[in-house]
Amino acid sequence: MAGASGSERLVESGPATLVELHREGRLVREYPGVRRLLAGASDAELARAGQLLARLDPGEVAAEHPAVPVVTVAVTGHGTLAPLLPPLTVELARHGLLLRPRLGDFDAYVFDLADPCGELYRADLTLCVLDPMVVFDEVPVPWGPEDVERVARERIGTLAGLVARFVESARGTLVLNTLPLPRRFAAQLVDHRSRARLGVVWREANARLLRLAEEHERVVVLDLDPPAGEGVPVVEPRLSQYTRTHLSPALLAAYAREIGHLARHRAGQGKKALVLDLDGTLWGGILGEDGPDGIEIGADGTHRGGAHHAFQRVVGQLASQGVLLAAVSKNDPEPVGEVLRGHPGMFLREDDFVRVVANWRPKHDNLTELAEALNLGVDSFVFVDDSPYECGLVRHELPGVAVVPVSGEPALHIEALLRDGWFDAPELTREDVTRVAQYRDELVRKDFLDSFDSLEEYLRQLRVEVQLVEAGPAEVARLSQLALRTNQFNQTTLRLGPAEVRALLDDPAARVLAVRAADRFGDNGVVGAVFTHRRGDTVHIDNFLLSCRVFSRGIEQTALCAVLRHARAHGARAVRANHRATPKNTKVKDFYPRNGFAPVTDDGTTVTYEHGLEVLPVPPAHVHFTEIPGDDGS
């Protein structure tokens, strides 16, 4: 790569470079490049990288790179859990995050979860790692299924009480896991009837664990049966016996990968759009050479065609839950449209995509333009392609894009796509289900804009309607989603889970407002939120955020004007608001000054602004606003 700097060459050369950086004492200095170094690393390479990265001092890395998001993870449990830290460290590093671990003592989970002054209650994520010996350490010999049932009931009952206590006052998310059952326990029962009964008892215990996530918003329960069922060893006998590490290194690595997904979402780095190549990815063969009748696709065709069809069904399942689909292909647009509209073997159709881009331009340029059209950052994209060249080029030119390379074996496409849980979320909202239609409407709005000579006339004809309402329980999931996923118009990047939003609703000093919007093309639903509290005669805006798909329509100014007007009508002397700068929210750094706020403090990262409420800004004339109840001072 001619003209590349030494740092760029290191970033491009892969996981082995971590060893060089470590030996040269440069790993701390080069930490932001680690994310790219780990892209595409194998499991074995990740394991080795985790050992190196876990030796770093997180405080030293954070001091050197204050822009790198830090996630505090407290770890407790029943067995020896120090071996979990290297895979945790590397999994967070893969997503550009820095792990600040807090490791509890051996078998101290009961004490740790019961101590409201402990590290667990202050962490972003608290991991209570459970293993089968939580039960079997207390089972007598001889034993039968009824003994296991009794001990399991006692242990889970104790845990349920600790969980209820934890979620009342802890600030973060508690992660539990189901208990995989090693064969060596069932094999100790010589009759099959007892083995079947043990299976029933064990599954019922795991069902009780899983239901804890239904009972508590701030609890996540990871199901370890899927990795175990796919051949990941549950236990390594020597480590279990000699070191009391009761889950195998491979299972701990799989567990750490899931925690990486949670941490990524918590840090506001969730993905929104799945962008697919076509030839060799969505169907077999090359459309330009084989023609529509020659490509491999269809459940009733060839084996490979059936594999591509199965992959399309999985993509369709993701789209049904709010993932935006787009296609970017080096092809002529006419035959691509013909296949998407009428090929009998296709599961996905043209209407399933918010946009299909078929041309001969570089794919990274097409991705950049697609992001602009959808009003999204490219770092919200997951890009799937079977070409190593295209994958490498997109990784290099657009490092924020999550690149998923797929091989020439279509039966492996599904595993490659789902491996990293790019679109995982705590729960679905109404806006998730309707997101594809909303973004398709957004493209229609852009076409509508192109028909006008001025932005002012476009906005007037768009007929924007804004409603600011006191949020209630029905809005909790959506407001949390906005707080966790919105980056561009997010004044402080204060990340709030559902339980934290609900706590604000219950706080008499706090006020949570949901911003709803609609226009001539349809209802956009809840597109923003304003979180405030009042202290004396000053109203404080704790955060103000707005979905990126409704920027620049006057919605944000209208909502802010209403908050200021309400504050003055209710006797406030001033309104204060913070802007915490991040690499992604620079476009709104002057939002408060443009609306009459003056800076009062600046610590280099966060600027505090104040509005004296003497002269209030006027909302845009083209917006029809529905007043907040009581906004007139009544």
Side-chain angles (χ1 to χ4, degrees), residues 217 268 270 272 322 425-435 437-439 441-442 464-519 522-534 539-567 569-570 575 577-578 585 588 591 595 619-620 623-632:
E217 288 180 330
K272 299 177 182 178
E427 64 177 294
L428 292 181
T429 67
R430 183 185 72 87
E431 285 76 10
D432 288 323
V433 178
T434 61
R435 182 174 290 117
Q438 290 173 344
Y439 273 88
D441 289 344
E442 183 59 27
V464 178
E465 299 179 9
V466 174
Q467 185 180 25
L468 205 60
V469 299
E470 299 278 359
E475 286 80 33
V476 166
R478 174 58 176 164
L479 296 183
S480 172
Q481 183 183 67
L482 285 167
L484 290 170
R485 297 179 61 173
T486 302
N487 293 302
Q488 296 181 65
F489 195 111
N490 190 330
Q491 292 289 346
T492 67
T493 62
L494 177 66
R495 307 298 183 187
L496 300 173
E500 292 160 305
V501 174
R502 196 177 300 279
L504 289 174
L505 294 183
D506 295 337
D507 183 351
R511 192 163 186 246
V512 181
L513 299 171
V515 183
R516 296 181 177 275
D519 58 37
D523 183 4
N524 288 296
V526 176
V527 297
V530 187
F531 299 90
T532 72
H533 74 276
R534 181 158 179 164
V539 172
H540 297 261
I541 301 177
D542 300 312
N543 201 12
F544 186 2
L545 43 90
L546 191 73
S547 172
C548 56
R549 62 185 167 86
V550 295
F551 281 176
S552 304
R553 298 179 195 167
I555 296 171
E556 55 269 45
Q557 294 95 331
T558 299
L560 181 61
C561 289
V563 170
L564 295 176
R565 186 166 58 249
H566 184 275
H570 287 75
V575 172
N578 293 335
N585 69 0
V588 297
F591 174 68
N595 287 279
V623 177
H624 176 73
F625 176 65
T626 301
E627 297 286 331
I628 311 172
D631 192 44
D632 59 356

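Predicted, not measured: the structure shown is a model, and the values here were computed from it.
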Between P473 and L505, which heavy-atom pair has the shortest distance, and what is it?
N-CD1, 4.1 Å
Where the side chain of S480 meets the backbone of L496, is there a donor-acceptor pair that is under 3.5 Å apart?
yes
Measure across P620 and Q557 and return the closest heavy-atom pair with its distance rounded to 0.1 Å.
CD-CB, 4.0 Å
In the structure I gave you, are the side-chain heavy atoms of L513 and F531 within less than 4.5 Å of one another anywhere?
no
Write down the atom of P498, the atom of V476, and the distance for their closest heavy-atom approach.
O-CG1, 3.4 Å
Which distance, rounded to the nearest 0.5 Å, do you find between the OG1 of T493 and the CG of L484?
11.5 Å
D542: which residues meet the salt bridge (Lys or Arg N to Asp or Glu O under 4.0 Å) condition with it, sequence neighbours left out?
none
How far does NE2 of H624 sit from OG1 of T558, to the nearest 0.5 angstrom?
11.0 Å
Nearest-0.5 Å distance, CG of residue N524 to CD of residue E465:
10.5 Å
Keeping the roles fixed (side chain from R534, backbone from H540), state whether a donor-acceptor pair exists under 3.5 Å.
no
V515 side chain reached by I555 side chain, heavy atoms, under 4.5 Å
yes
Minimum heavy-atom distance R553-V623, with the two atoms named:
O-CG2, 3.7 Å
Any non-hydrogen side-chain atom of N543 less than 4.5 Å from a side-chain atom of V530?
no
Spatial distance of atom CZ (R502) from atom CG (L479) [nearest 0.5 Å]
11.0 Å
Under the 3.5 angstrom rule, does the side chain of H566 hit a backbone N or O of A562 as a donor-acceptor pair?
no
S547 side, atom OG; K272 side, atom NZ - distance, nearest 0.5 Å
6.0 Å
Main chain of G268, side chain of N487: is a donor-acceptor contact present, judged purely on distance under 3.5 Å?
yes
Donor-acceptor under 3.5 Å (D507 side chain, A503 main chain):
no
Sequence neighbours excluded, which residues qualify as ring-ring contact (aromatic ring centres under 6.0 Å, His included) partners of F544?
F489, F591
State whether a side-chain donor-acceptor pair under 3.5 Å links N578 with T492.
no
Please lay out, stage by stage, how R516 and E475 fare under the test salt bridge (charged side-chain N to carboxylate O under 4.0 Å, His left out).
CA-CA 11 Å; R516 296 181 177 275; E475 286 80 33; 3.0 Å; yes
If we ignore hydrogens and angles and just use 3.5 Å, is the side chain of N585 paired with the main-chain N or O of N490 as donor and acceptor?
yes
Atom OG1 of T532 and atom CG of L504: how far apart are they, to the nearest 0.5 Å?
9.5 Å
So which atom in A514 and which in V526 form the shortest heavy-atom distance, rounded to 0.1 Å?
CB-CG1, 4.2 Å
